[in-house]
Amino acid sequence: MAFEPSVTLKDCSYSYHIGDNLKKFTLRDNTFAQTKVGHYELTRLLEEVPNSGQGFLLKIIVNKELTGFKINITDKSGLRLVNIFKSDDHHIYQQKFYFLMDSLVDRGIFVKTAL
């Protein structure tokens, strides 16, 4: 999956875009870790029960030029993509995803657009 300036996850209600004034220190201040190749990565476990260790892995990677990013939600092993928006059974995971993304929108990392 290539880095894109705008990402829409399948069945998600919103589209996300890179913030206009995004800076590298903003990513580091918001717990994005720099990888060996220079990209910025945020990894979170979306859990139904906090601290259970059971849930889906959310990975957001912003390229080192700050012009594109990708979002993946996978099973806990990180090998199989999961669509948490497909079913109402994953309502809690959806709420946790939107909460995290809204916090990143509030900090100017992303811009959210309703579909």
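Computation of the quantities below employed the complete heavy-atom set of this structure, encompassing side-chain atoms and omitting hydrogens, waters and symmetry-equivalent molecules.
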Practice problem: Carefully, step by step, assess Leu104 and Phe32 under the rule side chain to side chain contact (heavy atoms under 4.5 Å, CB included). | Solution: CA-CA 11 Å; Leu104 297 175; Phe32 279 78; 4.1 Å; yes
Quiz item: Of Tyr93, Tyr16, Phe85, which is the lone residue that meets ring pair (Phe, Tyr, Trp, His ring centres under 6.0 Å) with Tyr98?
Solution: Phe85
Practice problem: Taking atom CG of Asn21 as the centre, report whether more than 12 heavy atoms of other residues, nucleotides or ligands fall under 6.0 Å from it. | Solution: no
Self-check item: Rounded distance [0.5 Å steps], CD in Glu4 versus NE2 in His17
Solution: 12.0 Å
Exercise. Start with the C-alpha gap between His39 and Asn63, add the side-chain angles, then the distance that decides, and say whether side chain to side chain contact (heavy atoms under 4.5 Å, CB included) holds.
Key: CA-CA 5 Å; His39 300 314; Asn63 66 3; 3.7 Å; yes
Self-check item: Interatomic spacing from CG in Leu27 to NZ in Lys64 - rounded to 0.5 Å
Solution: 14.5 Å
Quiz item: At their closest point, which heavy atom of Lys59 faces which heavy atom of Ile61, and how far apart are they?
Solution: CD-CD1, 3.9 Å
Exercise. If the plane angle is over 60° it's perpendicular, under 30° parallel, otherwise tilted; pick one for Phe56 and His90.
Key: perpendicular
Quiz item: Taking a hydrophobic cluster as the set of Ile, Leu, Val, Met, Phe, Trp and Tyr residues connected by side-chain heavy atoms closer than 4.5 Å, whether directly or through intermediates, do Ile71 and Leu100 fall within one such cluster?
Solution: yes
Quiz prompt | Phe69/Phe110 aromatic ring centres below 6.0 Å | solution = yes
Quiz item: Is there a donor-acceptor contact under 3.5 Å linking the side chains of Ser77 and Asp75?
Solution: yes
Quiz item: Could you state the interatomic distance from CD1 (Ile84) to CG (Asp11), rounded to the nearest 0.5 Å?
Solution: 10.5 Å
Quiz item: In Å and rounded to the nearest 0.5 Å, what is the CG to CE distance from Leu58 to Met101?
Solution: 7.5 Å
Practice problem: Kindly say whether the aromatic ring centers of Tyr14 and Phe97 come within a distance under 6.0 Å. | Solution: no
Quiz item: Would a hydrophobic clustering, with Ile, Leu, Val, Met, Phe, Trp and Tyr connected at side-chain separations under 4.5 Å, put Leu66 with Val105?
Solution: yes
